[in-house]
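Below is one structure, written out as structure tokens; comments come after it.
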Number of protein chains: 2
Amino acid sequence: MGPGDAEGTIANAREELARKFDAWREVALDASRCPVRDVLDRVGDKWTTLILMALAGGPQRFGALSRAAPDISKRMLTQTLRTLERDGLVARRVYPTKPPSVDYRLTPLGVAMMEPLAALIRWAEQSHSAIVAARRRFDEGPAEESAA
Amino acid sequence: MGPGDAEGTIANAREELARKFDAWREVALDASRCPVRDVLDRVGDKWTTLILMALAGGPQRFGALSRAAPDISKRMLTQTLRTLERDGLVARRVYPTKPPSVDYRLTPLGVAMMEPLAALIRWAEQSHSAIVAARRRFDEGPAEESAA
DNA sequence: CAGAATCCATATCGATACTG
DNA sequence: CAGTATCGATATGGATTCTG
């Protein structure tokens, strides 16, 4: 597969990214206060994305979330939800019933985040087989590509 | 800002995500072979996104990448590039010159990933101030929201 | 029910030193 | 130049126990 497919389409995105990167790397690491790292660190952690997807369908109680992902410990569920709440992506509501009940829902900010996040998830699903195939190739053959 | 803005637009995305989640959580964790985790784990790690952005502008030599992000150690740069190469997102080319020279470039698959990734990055940049504000609010006030 | 607290295993990352 | 190898610090996550 040559680099010819949709080359024009991506050339634009490439340049934009290149410029963004130039303007970005100055503060990305030196300041260690980079907004992108702020967000991506969470996207990359083990449960955040799963919880966000679970909440995308509407408010969920703590127990329901716990049941939705059976192998998340309560410790991590609480911690993930707290971070999400702190970042303003999720809202926590307490109902003062006899056994206390709590539910969580996406805030407008959280809903807004789901759009680009969902796009990335879609890409991941579509590309998974290609990635798996690439890994097999890499692991089996030495496949050294030298330039002439 | 109320939840009213673009509510119709996001309702659609919500439902799609909710359905996706339902179909997803069965294999997301139990199988631990979830394609989404496969990708997001990398997006969340410390250097992958930065390297991808650096390569979005075109091929880069190892040394150039190292200089672009002065505080990445060679160990991590190599490791990140190897993983990217293994996943088929980046191609490595060796030029057998006297002091060996190597460069890295995005593959078509890598370029394709940059699109959704860039969208998420854009969102992160746009939303950073809102997130920072939410954190301040959370850290300062107890701000317990109880339902009536 | 919805957590908080504590302890421990592992994964991740950085610094340093060495090499073809 | 472009790595590899080894080591130690720290961050992350899981299991368990306890509570209002």
Check this for me, if you would: do [X] and [Y] make a salt bridge, where the nitrogen-to-carboxylate-oxygen distance has to be below 4.0 angstrom?
X	Y	answer
A:Arg82	A:Asp87	no
B:Arg105	B:Asp103	yes
B:Lys46	B:Asp71	no

Rounding to a whole Å, what distance do you find between [X]:[atom1] and [N]:[atom2]?
X	N	atom1	atom2	result
A:Asp41	D:dA11	CG	P	12 Å
A:Leu65	C:dC1	CG	P	14 Å
B:Met76	D:dA5	CE	P	16 Å
B:Asp71	C:dA15	CG	P	9 Å
B:Tyr104	D:dC1	OH	C1'	11 Å
A:Leu77	D:dG14	CG	C1'	14 Å
A:Trp47	C:dA11	CH2	C1'	15 Å
B:Ile72	C:dT12	CD1	P	15 Å

Between A:Asp45 and B:Phe62, which is nearer to the 5' end of DNA chain D once each is assigned its nearest nucleotide?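 Its nearest nucleotide being more 5', the pick is B:Phe62.
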
A:Pro99 side chain, from C-beta outward: closest of C:dC1, C:dG3, D:dT4: C:dC1

Nearest listed nucleotide, side chain of B:Thr78, among D:dT4, C:dG14, D:dG13: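 Nearest nucleotide to the side chain: D:dT4.
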
Side-chain (A:Thr107) to main-chain (A:Leu89) donor-acceptor, under 3.5 angstrom: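 Yes, A:Thr107 side chain to A:Leu89 backbone: donor-acceptor pair under 3.5 Å.
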
Classify the side-chain pair A:Arg75/A:Gln79 by whether it contains a donor and acceptor separated by less than 3.5 Å.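 On atom types as modelled, these side chains qualify, holding a pair under 3.5 Å.
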
For a quick test of reading the model: is some side-chain N or O of B:Arg92 closer than 4.0 Å to OP1 or OP2 of D:dG3?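 Yes.
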
Looking only at side-chain N and O atoms, does B:Arg82 come under 4.0 Å of OP1 or OP2 in D:dT4?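 B:Arg82 to D:dT4 OP1/OP2: side-chain N or O found under 4.0 Å.
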
Once hydrogens and angles are ignored, does a donor-acceptor distance under 3.5 Å link the base of D:dG3 to the side chain of B:Arg75?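 For B:Arg75, whose side chain was compared with the base of D:dG3, there is no donor-acceptor pair (under 3.5 Å).
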
Is there a donor N/O on one and an acceptor N/O on the other, under 3.5 Å, for the side chain of B:Lys74 and the base of D:dG3?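 Such a pair is found, so the answer is yes.
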
